[in-house]
Amino acid sequence: MTLATTLAPPELDELCINTLRFLAVDMVQKANSGHPGLPLGSASMAYTLWDRFLKVNPSDPHWPDRDRFVLSPGHGCALLYALLHVTGFDLPLAELKRFRQWGSRTPGHPEYGKTPGVEATTGPLGQGVGNAVGMAIAEMALAARFNRPGHAVVDHHTYVLVSDGDLMEGVASEAASLAGHLRLGKLIALYADNLVSLSGSTELIFTENRLARFAAYGWHTQRVEDGNDVAALTAAIEAARAEENRPSFIDVHTHIGYGSPHKHDSSKAHGEPLGVEEVRLTKEHLGWPVEPSFHVPREALEHFHEFADRGAVRQAEWESQFQAYAADLPDLAAEFQRVIQRRLPEGWDRDLPAFRSEDGALATRVASGKVINALARRLPELMGGDADLAPSTHTLIEGSDNFEPDSRAGRNLRFGVREHAMGAILNGMALHRGLIPYGATFLIFSDYMRPPMRLAAMNGLPVIYVFTHDSIAMGEDGPTHQPVEQLLGLRSVPGLTVVRPADANETAAAWRLAIECGDRPTALALTRQKLPVLDLARYLAIPLGVPRGGYILADAGEGAPPDVVLIATGSEVHLALNSRDRLAGEGVQARVVSLPCWSVFKAQPEAYRKEVLPPGIPTLAIEAGVTLGWNSYVGPPMAVIGVDRFGASAPGEVVMSEYGFTAENVCQRVRELLDEMKGEG
Ligand SMILES: Cc1ncc(C[n+]2csc(CCOP(=O)(O)OP(=O)(O)O)c2C)c(N)n1
């Protein structure tokens, strides 16, 4: 069923489509920067989707059961801004005139949170495809959890507009492959197949049969020969919506720069303004007034206002449906509101384990698995999985099914060996709301998912990454699998909280930090190898210390100022503790500071940071990763024991010892530091 009560006559459709085209063209021209080609070619399909089908309410962009629309080729955002403006989102014409300017709501690529109605930050091609897959997964997972017979409170589609560039990117292939496997029937992709990308014709670089490719992924596929044929587009989208068991791919033949006499079908229309003269010619060619620019004809505006009215009606219908649901199922309705608003339930942390040293050594990845399961019992919104490494990452929720076509309530999401898509899909799940998504792989393979992690940080998405096998100590698999520079790389991403816990109890505290922060992603770096448990009865500071990013785990004796401070993270904290004992035997009083999270520690008041790391005291940092960056913690006199070369294939203890992670080496380096101090003194 279409949403339009009466179809607009073709002239009105054309008027509306041209309104979108020329708003976009004028935006780019005024900014003297941007991409007019895709908006000119794709305006008809975007209009058809929005006008005939899209269920959104411009006056409430966050209504939970709205359809999601993702413009994956974010460079074409002038089209999206034009749509948002004319349909009545809070995006006045003045903002369109400030396209790409400082502080405007119309940034150079769509940015989530900046513009009402923008569902995802896009621009890095391919990411939007993964986001849409994540949104469609979230819709199905929430529908399975919350819908009841007669109460379909979660029932919407996810639409994604994709371009050649998107489909050339591997992340889109990974995501599409998984979407086909999962039979995401409410996901519909519209492909702007314009045979042109940035530097020329796709004949140069992209010639496989895209329809056959998507059919092979298990998608329902269709082709629309004329991307300006509103009736054909309507029929195709209707057919896609009717297909409930497979995602749909509609290959729409469009023309980049449509209507521009000299840039039609040319990559010249892709990424630069048409130019004043060509804008005039294009307007004349399509029968549009050359002046004024930013022209919105009254009939078009009235028609777009009907879109807004329909959206408001759809939302009102949903609200009353939801009231009936709340009357029948008050607990479930309250729970739905809670997860959508990202509120944690009372007692969510009640089952978090306290680990005891007498129960034996435990790898932090194993501790994390226990924590996940303790959390999963009280946080039904926790849903995640792994990139085909579950036996190693310990990330399965016990007693829950896999999320599959016949078990949509399953909370274990098997991403397969698709790290990049995993990152993009997790973002889509978080953007959708209603879930706390997590994804797991080895720390080394975080490199395969850096682009979506960066976007998660940029967008403040509460995604949790579980990265195991976090150092050269993972051993025999050798340098290809041993992370060296990854910790520093992740720490360098603004807004990404990276936590490397030292033992099982710090792991529980790290998970608490990740769950509580709610407005940013967290990466946990966990060990493959067993580590002693730091007993909470002895190391009282752990529960309050981890949330501060760094803390004094074990101080120098009896209130005396330390002779030296040993800072360490993760598994190296134990080396620091052992070395502290040894140093005490030599009459050197050492303080051990555990620093699981740099960024959180950096955000602490200066007085606290100075209390933990007193200036002027010789300091040795120990971490099995590159040494770069440590100098921001370790003021002179300082030294760092780290790894500034690739790892090696051998048992983990051997590699660690060969690389200098031994108490002898730590003590030796401390002695050298102290001698240096004496020399200077
Ligand atoms: C991951 C990534 N690589 C490169 C770019 C730079 N870039 C922007 S658009 C584009 C090509 C776009 O071609 P297409 O997707 O067909 O869009 P159209 O030309 O139809 O506008 C490129 C390479 C990008 N945005 N993202």
Side-chain angles (χ1 to χ4, degrees), residues 35 38-39 41-42 45-46 49-50 54 56 66-81 83-84 107-115 117-139 156-180 184 186-194 197-198 210 214 217 219 240 247-252 254 270 418 420-433 437 449-459 461 463:
H35 303 74
L38 185 131
S42 299
M45 78 166 145
L49 171 65
W50 280 57
L54 197 73
V56 292
R66 69 191 182 281
D67 287 337
R68 306 303 197 265
F69 173 74
V70 178
L71 179 77
S72 191
H75 62 273
C77 59
L79 174 61
L80 179 55
Y81 298 148
L83 277 163
L84 293 171
H109 289 83
E111 291 180 35
Y112 175 71
K114 260 203 186 139
T115 316
V118 166
E119 298 280 7
T121 295
T122 52
L125 289 163
Q127 295 298 323
V129 181
N131 296 160
V133 171
M135 290 173 183
I137 288 172
E139 194 268 351
H156 53 266
H157 282 81
T158 302
Y159 298 97
V160 57
L161 197 155
V162 306
S163 68
D164 295 308
D166 285 305
L167 298 191
M168 280 187 262
E169 287 292 353
V171 60
S173 308
E174 294 176 20
S177 158
L178 187 61
L184 302 178
K186 286 160 104 178
L187 171 65
I188 298 175
L190 292 136
Y191 166 35
D193 186 358
N194 62 21
S197 63
L198 190 148
R210 275 82 92 183
F214 274 77
Y217 290 144
W219 289 52
S248 272
F249 178 76
I250 310 175
D251 181 345
V252 183
T254 63
H270 164 82
R418 301 183 182 95
H420 197 171
M422 175 165 78
I425 289 170
L426 293 169
N427 287 353
M429 292 166 71
L431 285 162
H432 183 283
R433 284 180 171 254
M449 50 192 290
R450 284 296 294 269
M453 294 179 73
R454 181 171 194 271
L455 289 171
M458 195 180 288
N459 293 163
L461 302 179
V463 174

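Residue indices begin at 1 and follow the sequence shown.
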Practice task
Look up atom CG in Leu80 and atom OG in Ser42, then write down how far apart they are to the nearest 0.5 Å.
Solution key: 12.0 Å

Practice task
Fit a plane to each ring of Phe214 and Tyr217, take the angle between them on a 0 to 90° scale, and name the class: parallel (under 30°), tilted (30 to 60°) or perpendicular (over 60°).
Solution key: perpendicular

Exercise for the section: State plainly whether the residues Glu119 and Arg66 are in salt-bridge range, i.e. N to O under 4.0 Å. Expected result: yes

Practice task
Taking all non-hydrogen atoms of both residues into account, name the closest pair between Gly126 and Glu169 and its distance.
Solution key: CA-CB, 4.2 Å

Handout entry: Closest non-hydrogen atom pair, Leu84 against Gly117
Key = CD2-CA, 3.8 Å

Practice task
With the side chain counted from C-beta on, respond yes when Val171 and Pro451 share a heavy-atom pair under 4.5 Å apart, and no when they do not.
Solution key: no

Handout entry: Separation between CG of Asn427 and CZ of Arg454, rounded to the nearest 0.5 Å
Key = 12.5 Å

Practice task
Determine whether Ile137 and Ile425 make a side-chain contact, defined as any pair of heavy atoms from C-beta on separated by less than 4.5 Å.
Solution key: yes

Problem - With sequence neighbours excluded, residues passing side chain to side chain donor-acceptor pair (under 3.5 Å) with Ser72 - result: Asp166

Problem - Heavy-atom donor-acceptor pair, Tyr112 side chain to Met458 backbone, under 3.5 Å - result: no

Practice task
Would you please classify the geometry between the His270 ring and the His35 ring as parallel, tilted or perpendicular, with 30° and 60° separating the classes?
Solution key: perpendicular

Exercise for the section: Keeping the roles fixed (side chain from Asn194, backbone from Thr254), state whether a donor-acceptor pair exists under 3.5 Å. Expected result: no

Practice task
Using a 4.5 Å cut-off on heavy atoms from C-beta on, say whether the side chain of Ser163 contacts that of Leu125.
Solution key: yes

Practice task
Output the distance between atom OG1 (Thr121) and atom CG (Leu461), rounded to the nearest 0.5 Å.
Solution key: 8.0 Å

Fill in the blank from the handout: What one should report as the nearest heavy-atom pair of Gly128 and Thr122 is CA-CG2, 4.1 Å

Practice task
Compare all side-chain heavy atoms of Tyr159 with those of Ser248 and state whether any distance is below 4.5 angstrom.
Solution key: no

Exercise for the section: Taking all non-hydrogen atoms of both residues into account, name the closest pair between Pro73 and Leu161 and its distance. Expected result: CD-O, 3.0 Å

Practice task
Of all the heavy-atom pairs spanning Gly130 and Ala175, show the shortest one and how long it is.
Solution key: CA-CB, 3.8 Å

Problem - Interatomic distance, Glu139 atom CD to Leu184 atom CG [nearest 0.5 angstrom] - result: 9.5 Å

Practice task
Check whether any side-chain heavy atom of Leu187 sits under 4.5 Å from a side-chain heavy atom of Met135, and report yes or no.
Solution key: no

Exercise for the section: Would you indicate whether the side-chain heavy atoms of Val56 and Phe69 approach each other to under 4.5 Å? Expected result: no

Problem - Shortest non-hydrogen separation from Ala189 to Trp219 and the atoms involved - result: CB-CZ3, 3.8 Å

Exercise for the section: For Ser197, enumerate each residue passing the side chain to side chain donor-acceptor pair (under 3.5 Å) test, keeping only those at least two apart in sequence or located in another chain. Expected result: none

Practice task
Sequence neighbours left out, what passes salt bridge (Lys or Arg N to Asp or Glu O under 4.0 Å) with Arg210? Give chain and number order.
Solution key: Asp164, Asp193

Exercise for the section: Please examine the side chains of His432 and His156, heavy atoms only from C-beta on, and report whether any two atoms are closer than 4.5 Å. Expected result: yes

Fill in the blank from the handout: CZ (Phe249) and CG (Leu190) are apart, to the nearest 0.5 Å, by 9.5 Å

Practice task
Find out whether His75 and Leu38 are in side-chain contact, i.e. whether some heavy atom of one side chain is under 4.5 Å from a heavy atom of the other.
Solution key: yes

